[in-house]
Amino acid sequence: MPQVRERKDDSIRFILNDSEVALSDVAPTATLLDYLRLECRLTGTKEGCAEGDCGACTVLVGRLAGEKLVYESINACIRFVGSLHATHVVTVEHLAARDGTLHPVQQAMVDFHGSQCGFCTPGFVMSLYGLWLSNDDPSRADIEKALQGNLCRCTGYEPIVKAAEAAASARPSAIFDPITAVRDETIARLRALQPAKTITIRHGEHCLIVPADTPGLATALAEHEGATVVAGSTDVGLWVTKQMRPINPVIFINGIAELQQITESETGLTIGAGVSYSAAFAALSKAYPAFGRLIDRIGGEQVRNMGTIGGNIANGSPIGDSPPPLIVLGATLTLRSTEGTRTLPLEDFFIAYGKQDRKTGEFVESIFVPKLPADDLFAAYKISKRRDEDISALLGAFRISIEDGRVRSARIAFGGMAGTPKRAASVEAALIGKPWTEETVRTAQGAFETDYQPLSDWRATSTYRMLAAKNLLIRFFLESSGEAAQLHRFEPAI
Amino acid sequence: MDKSTFEERKAINGQMHSRQRHDSAHKHVAGTADYIDDMPEPAGTLHGALGMTDRAHAEITEMDLSAVIAAPGVICVLTARDMPHSNDISPSHLHDEPVLADGIVQFHGQPAFAVIAETRDIARRAARLAKISYRDLPHFTDITDAVAHGGQLVTQPLTLQRGDAEAELEKAPRRLRGQMRIGGQEHFYLEGHIALAIPGEDDEVTVWSSTQHPSEIQHMVSHVLGVPSNAVTVNVRRMGGGFGGKETQGNQFAALAAVAAKKLNRAVKFRPDRDEDMTATGKRHDFLVDYDVGFDDDGRIHAVHANYAARCGYSSDLSGPVTDRALFHADSSYFYPHVKLTSQPLKTNTVSNTAYRGFGGPQGMVGGERMIEEIAYALGKDPLEIRKLNFYGETGSGRDITPYHQHVEDNIIARVVAELEADADYQARRKAIIDFNRTSRVIRKGIALTPVKFGISFTLTAFNQAGALVHVYQDGSIHLNHGGTEMGQGLYVKVAQVIADSFQVDLDRVRITATTTGKVPNTSATAASSGTDLNGMAAFDAARQIKERLVAFACERWQTTAENVSFVPDHVKIGEERVAFPEFIKLAYMARVQLSAAGFYKTPKIHWDRATGRGTPFYYFAYGASVSEVSIDTLTGEYMVDRVDVLHDVGRSLNPAIDLGQIEGGFVQGMGWLTTEELWWDDKGRLRTHAPSTYKIPLASDRPKIFNVKLAEWAENAEKTIGRSKAVGEPPFMLPISVLEALSMAVASVADYRECPRLDAPATPERVLMAVERLRQTR
């Protein structure tokens, strides 16, 4: 058993707006939102839902990604203070110039009547600011995507979208931007804060651990049996704010650079378990365009900036959006512990509802996604009550190869149809070897009844899930034959 | 005196009928607009949390709160017995709504106790430590169940009747019966409920409450505490949205905070978590409408008989006036020669439903528009043709009388619809859509044009009164207060424009102050779209009084007559002399002129006799119309709103920027109600859609892809309202009925438009797909 290293001087250090903060006594469950509002009296950031769905608590978090300093919108309500080490937290109070002159995104919101009750407004301002920093010519699709995680109940959004367009074009060279003005200095400050070794903070009976690297993570897991591993906290955040579940001890892994790597090889993509949806988007959309379109519909921008593909897999949700496409793509998972690593096919990881093949002391290290052969047909379709920022009623992923007009191989997997993400073995069998025709597809539809017995809940009835699953196979066929069988708000970029 | 130093200004900044930004816009975007939870807390503030039950209907046999009390940081626990005077906060005065459940649980989640602790987190955690034992009682949560179990009502139903509907239905050449389910709606104000009570000396208490109805909070707090109303002061500067959800539903939190504050002599704050807020506070009523309509081969309606059954929840709350208003709007914009409408406000074991923008009116109208759709599909005609045929006629046409015997005197619906039909190119687009649907296999489109006619006034006549308090200080700055509350709708700036305009001073000379029962008493809820109509007029009256005194003063001092005194931009003009406003005010003060006035207004003309179902409940009507175009995916039921065109009547707009925002926002909110917003209870009676993760209001990417909204520039209120404007809060909410009907048309295309799809609301992707399947099977 390795010795427990506990240092009294350990602290979580980050920059808040323009001052540096060092916190040596932090509860592992302390949220950034409560810290801002209750400790710092920065009350511009609001609590609307405390579950990362409404965006009223949106702030930007800057972090070093290699040489670059990137700022991303996140939900302060479900972001833990313990996960902020070596970051720059920017709140709405930081935007206006000292003399009170509003930032262009704020001014545009005023000019276009983008606020009514005003409660969601600081969150919108921060999301728009995140967009403003990263994109100086956003399309309507870009704007809507940036606002997927922000709910407004008053305006109907039209003036907010117009404000976003106006702000993008309003970039007078002389304007003061609080982030741009000190970018180099911030990089230096954050670099100085990078931890060399594991940070351990004890708060009463509670313990918060921030490993600096993967060996440190393996050690921490070995030392703290049953520890909660937190990457994006888009799920664990709710255990705390909604269920008030104990999660002690907690290991925050979002700062581990090794887990944030995406490597492309001849054979495929290796995605570190700590890679956020946002960070994975470019690589995944390039290799598997349908996957990219799906990622755009997972959570809102803030959740995609926080949530990780590794976490989406590790928590084993039956409605996780990334497992079905990853399963049909033949992804494998690498798990690590102090004992070493092991690799298994992703579909074998999900044993039953709430049960995964993860042993004590193991963590998900990376996901390998093989290259898609050029001739393979691949699609992923998400069905939800609301198109964006909703949890799937069902999600189907399809991959088929055709040879001489016949189905040579078929891999189909669904989320929302069973207790785990699950292959449609009977449907696959009903397709393989058959000519790729509508008749084959219509015949194979019946096999869904063998593969799945979906539940009824608030997202959909079992009848609808079954019918829609069957129809998604038709959609896949029709699209493979070039027929329009899906609605797009904007033509797909890819 | 100043005669020429200033160049004469043509206009002030902020006059009536000008585009003005929301008075707090700058603070909203800077994060400096304070909501109650943002205010600095008094030293020693304690925090409350609700102790919620987990049965839909049960007797509480034992409530063991020992672990709750023992939790470190917990100061005290309140139960029904701890209410000093009364455990009753029934806004209907039917004594059916306890602050805390006393012995009987009537809906899943009903609070039975409250924890007061050092921090909110401690209070919330401790609340979960209670051990409550129950003896289960049968529960029923939906309308069908309630009817099957005897159909107990929470309040008196209403019947509206004119002519002989039964006989005329028999005689009508054609007749159709049907049923429609219309779902409820969660308000989802972004700021949840909150109350902060600060104890004062003697029996006094001050409550900051996120409420649309400060006077009612005052009455409820005084009633629960057993102190006179003059001991309770209720304040609200702004709310983060209300939409009706804060008309009565803040009572519980305010009462609990006040009771705890007085008991402990410390400030106490209650801020429920979003899930608790959605579970423990009421929503829009869902309805089951049974209709029977007789018509002829042209589509002209002869008679209508309809019943509107509503899920009211366990208590009456506002269900009486809500179900009444459903009947008042069951006619939509149409003349029913013979009509009988009945309401059925059903008791269910769910949270008591309450006010929500439109207040039953939207559900009434959706039912009315469904009948039009039925007739159109039965006759193979465009529903718009049926609509035009049945619109209320001109005064004196014999087709201008409503089911409640009020004459429609200000009817402009035909003009609104005709202009919109032309502007939006409705006919050509409908034809193109029918052509598209002929060849498109999976994707189908639909288009619909629906009208809005909404009655303005509280149907309880006494509520149609308002007060305002205006002070002019010696430096010429003006302090404005009135009984209306600001929830984002722009009421404060509109009323401030009235004052600026009256005195002819710039808007920034007028300070808008928090609504408080201490300055303007006996106010009505800011509801029923009436905020500007009532408070604008009351403020106008206060300004008039002060101006009259100022004119009298000027006449005396300058030895002239009133017609020679006028208020011009930033000045008062006496004869040829112009005196700067602050200077003039200083002179008036020195001459001991009273520079403060309380204004008052009551709406004229209206009266209503509920027993006979006759009267003039509405001062006037607001009109509008919209065209919506949608696409659906017939494989999954998914859809998109491709384009919406709106033409809406706000009379002479006091502030076109604010009014446009109300229309766009109301449209999207109404669209959410009719499409993706679905409330879902499980078999235990638990609301499972109790957070934004499960309850889906529209996003930016759901708003109409093309969204053209126009005010009817030519419109002017026929009645003498403030600036001849019209109310704008609720009427636009019903514009998106065209979205529902356009979805319906897209569905109907799979059976060649020969059958009415009878699409229920909300039209989730599931309901759309199931309607497609149903039609395919009957084809």
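Side chains included, hydrogens not; waters and symmetry mates left out as well; all remaining heavy atoms used.
Once rounded to the nearest 0.5 Å, the distance linking CD of E47(A) with OH of Y35(B) reads 15.0 Å. Between the CZ atom in R37(A) and the CG atom in D37(B) there is a gap of 4.5 Å [rounded to 0.5 Å]. Atoms CD1 and OG1, from I391(A) and T694(B) in turn, are 7.5 Å apart once rounded to the nearest 0.5 Å. If you take OH on Y464(A) and CE on M770(B), they are separated by 8.0 Å, rounding to the nearest 0.5 Å. The CG atom of D390(A) sits 8.5 Å away from the OG1 atom of T676(B) when rounded to the nearest 0.5 Å. The distance from atom CG of D38(B) to atom OG1 of T45(A), rounded to the nearest 0.5 Å, is 9.5 Å.
Minimum heavy-atom separation, W458(A) to E678(B): O-OE1, 4.1 Å. Listed here is the closest heavy atom pair of P765(B) and S384(A): CG-O, 3.8 Å.
Looking only at heavy-atom pairs under 4.5 Å with chain A, the residue among P762(B), A33(B), S631(B) that has the most is S631(B). Between chain B and the options T91(A), D457(A), T463(A), heavy-atom pairs under 4.5 Å are most frequent for D457(A). No other option in A468(A), G44(A), C154(A) has as many heavy-atom pairs under 4.5 Å with chain B as C154(A). The candidate from Q107(A), E389(A), H103(A), K145(A) with the greatest count of non-hydrogen atom pairs under 4.5 Å with chain B is E389(A). Between chain B and the options L95(A), I143(A), T461(A), heavy-atom pairs under 4.5 Å are most frequent for T461(A). If you tally non-hydrogen atom pairs under 4.5 Å between each of C49(A), P159(A), G52(A) and chain B, the highest count goes to C49(A).
A side-chain donor-acceptor contact under 3.5 Å links H28(B) and S115(A). In this model, no donor atom of one side chain and acceptor atom of the other lie less than 3.5 Å apart for S701(B) and Q148(A).
Salt bridge status for R441(B) with E483(A): present, with a side-chain N to carboxylate O gap under 4.0 Å. Taking the charged nitrogens against the carboxylate oxygens, E191(B) and K46(A) have no contact shorter than 4.0 Å, which rules out a salt bridge. Between E773(B) and K470(A) there is no salt bridge, since no side-chain nitrogen of the basic residue lies less than 4.0 Å from a carboxylate oxygen of the acidic one. Using a 4.0 Å cut-off between a side-chain N of Lys or Arg and a carboxylate O of Asp or Glu, R274(B) and D53(A) do not qualify as a salt bridge.
Checked against Q116(A) for a side-chain contact (heavy atoms from CB on, under 4.5 Å), the options E664(B), Q662(B), Q489(B) give a single hit: Q662(B).
Looking at R271(B), only its side chain comes within 4.5 Å of chain A, counting heavy atoms on both sides.
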